[in-house]
Student: 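The structure is given below, and queries will be raised subsequently.
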Amino acid sequence: MKLLITGGAGFIGSNLILHLHEAYPDYHILNADKLTYASDLTYLKPLEKSTRYSFSKTDIVDRDAVRQLVRSFKPDGIIHLAAESHVDNSITGPEPFILTNVLGTFNLLEECRAFWNESGKDFGSFRFHHVSTDEVYGTLGDTGLFSETTPYAPNSPYSASKASSDFIVRSYHHTYGMNVVTTNCSNNYGPHQHDEKLIPVVIRTALNKKPIPVYGKGENIRDWLFVRDHCKAIDMVFHEGRSGETYNVGGRNEWKNIDLVRAICDELNELAANGPNGDYKNLITFVTDRPGHDLRYAIDATKLENELGWQNTQDFRRDLRETVNWYKVKYGF
Ligand code: NAD
């Protein structure tokens, strides 16, 4: 199996490559990544000497580069994670989101379609796995869960760009018979996430004794999923998911932002016991809310559990502690 992974130098991609490299000793993995500010190849240093892993600096917005990539590597499958991923950045500057997430996904699909069609092998045997987000469904009220049949209602330029790419992927299955699967997952946490995201921000600012910014009153709810559980879900869906289907991946683990921030502070109080007045929670500061901030996301992962036997193995407090500890070391504390 020659497996092309896009965005493998990012948070989820680097965790996924480490997982797949270990789980499938007969796979060759090519990581194609533009290396934006959000990437960090040092996480893949353990694979530096591997003959089954290689890297290509490729911008998926560049159609010629994508063509060259696909035709030189000749992938049997693709797991597509490359994206602009930070909602706040999509509000201040949406253009790269439209280019990478929409046009970049189209470029990959189109170049794969052409190459796989010409390969002489059964077109349907090539797999294209698109990694997307629960944010495409918009926002929930106090109750209910997102399922695979929830209508799309994206609210931010980020989620709109992901929703657009989901639709394009879907169309390549229905129109051209391409063997595609899509996963829509909830908020991930764990090692390797970029410093700009909520959990790293909380840990870094707290350890530096700076105000910990919390949007609005911290009432927004997210369903947190440990990144390694997500990687196992991607592995399962890529290998066993039904072509043309989408699968939701979630942690059944809803936290109000303010409670999550408090839980991180509690971990820090134990791991780095010198918070101001004995408690890092004293640093929590409410700041002006994000425009159009979705209130609540929560995933119903029943389809993935029942059809493919996926199990969410996270123990939230244990995995949060591992995460907090990982960033504490990263930030030099
Ligand atoms: P990330 O921002 O950490 O990594 C994205 C990677 O994509 C980076 O390495 C970056 O260099 C690369 N990239 C960006 N633009 C590119 C381009 N034009 N060409 C090639 N590479 C490019 O993101 P992540 O958190 O690892 O997310 C991975 C995927 O999962 C994304 O598609 C995202 O939408 C989706 N997702 C993430 C979460 C989450 O909680 N992190 C939740 C739901 C869905």
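All residue numbers refer to positions in the sequence shown, counting from 1. Both counts, for ligands and for their atoms, begin at 1 and track the order of listing.
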Student: Would you say G8 contacts ligand 1, with heavy atoms under 4.0 Å as the rule?
Tutor: no
Student: Tell me, please, which residues at least two apart from T285 pass side-chain contact (heavy atoms from CB on, under 4.5 Å).
Tutor: P211
Student: Return the residue, atom name and 0.1 Å-rounded distance of the protein heavy atom closest to atom 27 (O) of ligand 1.
Tutor: I12 CD1, 3.8 Å
Student: List every atom of ligand 1 that sits less than 4.0 Å from any heavy atom of S85, numbering the atoms from 1 in the order shown and giving each element.
Tutor: 1 (P), 2 (O), 23 (O)
Student: Any idea which of K34, H86, E84 brings a heavy atom closest to atom 17 (C) of ligand 1?
Tutor: K34
Student: Assert yes or no for the condition that the ring centre distance of Y137 to Y152 is strictly below 6.0 Å.
Tutor: yes
Student: In terms of atom number and element, which parts of ligand 1 are under 4.0 angstrom from non-hydrogen atoms of D59?
Tutor: 17 (C), 18 (N), 19 (N)
Student: Give the atom numbers and elements of ligand 1 that come within less than 4.0 Å of a heavy atom of N187.
Tutor: 40 (O)
Student: Taking the side chain as every heavy atom from C-beta outward, state whether L295 and L140 have any atom pair closer than 4.5 Å.
Tutor: no
Student: Just to be sure I read this right, does ligand 1 sit under 4.0 Å from the backbone of W224, its side chain, both, or neither, counting only heavy atoms?
Tutor: neither
Student: By number and element, which atoms of ligand 1 are closer than 4.0 Å to a non-hydrogen atom of L35?
Tutor: 11 (O)
Student: Less than 6.0 angstrom separating the ring centers of Y53 and H21, yes or no?
Tutor: no
Student: Answer yes if the ring centres of Y297 and W255 are under 6.0 angstrom apart, and no otherwise.
Tutor: no
Student: If the cut-off is 4.0 Å to any non-hydrogen atom of S132, which atoms of ligand 1 fall inside it?
Tutor: 43 (C), 44 (C)
Student: Between Y27 and H239, how do the two ring planes meet: parallel, tilted or perpendicular, split at 30° and 60°?
Tutor: tilted
Student: Is the gap between the ring centers of Y189 and F316 under 6.0 Å?
Tutor: yes
Student: Hey, is S186 touching ligand 1 through its side chain, its backbone, both or neither, going by heavy atoms under 4.0 Å?
Tutor: backbone
Student: Once the angle between the rings of Y215 and H293 is folded into 0 to 90°, is it parallel (under 30°), tilted (30 to 60°) or perpendicular (over 60°)?
Tutor: perpendicular
Student: Checking contacts here: is it the side chain or the backbone of D134 that comes within 4.0 Å of ligand 1, counting heavy atoms only? Could be both or neither.
Tutor: neither
Student: Should one rank G7, A9, S159 by closest heavy-atom distance to atom 6 (C) of ligand 1, which comes out on top?
Tutor: G7
Student: Among protein heavy atoms, which sits nearest to atom 11 (O) of ligand 1, and what does the distance come to when rounded to 0.1 Å?
Tutor: D33 OD1, 2.5 Å
Student: Within the 4.0 Å heavy-atom shell around T58, which atoms of ligand 1 are there?
Tutor: 19 (N), 20 (C)
Student: Only heavy atoms count here, so choose which of T6, L81, T36 is nearest to atom 28 (C) of ligand 1.
Tutor: L81
Student: For the residue pair H194 and Y37, does the interplanar ring angle fall in the parallel (under 30°), tilted (30 to 60°) or perpendicular (over 60°) class?
Tutor: perpendicular
Student: Just checking R170: does its CZ atom have more than 12 heavy atoms from other residues, nucleotides or ligands closer to it than 6.0 angstrom?
Tutor: no
Student: Work out whether the distance between some heavy atom of G104 and some atom of ligand 1 is less than 4.0 Å.
Tutor: no
Student: So, N220 side chain and D294 main chain: donor-acceptor pair closer than 3.5 Å or not?
Tutor: yes
Student: Would you please test E307 and R242 for salt bridge (charged side-chain N to carboxylate O under 4.0 Å, His left out) and show each step?
Tutor: CA-CA 9 Å; E307 257 189 38; R242 281 185 292 135; 2.5 Å; yes
Student: Going by heavy atoms, is V131 under 4.0 Å from ligand 1?
Tutor: yes
Student: Quick one: does Y158 get a heavy atom under 4.0 Å from ligand 1?
Tutor: yes
Student: Please report which non-hydrogen protein atom sits nearest to atom 19 (N) of ligand 1, along with the residue it belongs to and the distance in Å to one decimal place.
Tutor: I60 N, 3.0 Å
Student: Looking at K217, I want to see if its NZ is surrounded by more than 12 non-hydrogen atoms of other residues, nucleotides or ligands under 6.0 Å.
Tutor: no
Student: Residue-level breakdown please: for K162 versus ligand 1, do any non-hydrogen atoms fall below 4.0 Å on the side chain, on the backbone, on both, or on neither?
Tutor: side chain
Student: Within the 4.0 Å heavy-atom shell around A38, which atoms of ligand 1 are there?
Tutor: 2 (O)
Student: Short list, please: which atoms of ligand 1 are under 4.0 Å from a heavy atom of T100?
Tutor: 15 (N), 16 (C), 17 (C), 18 (N)
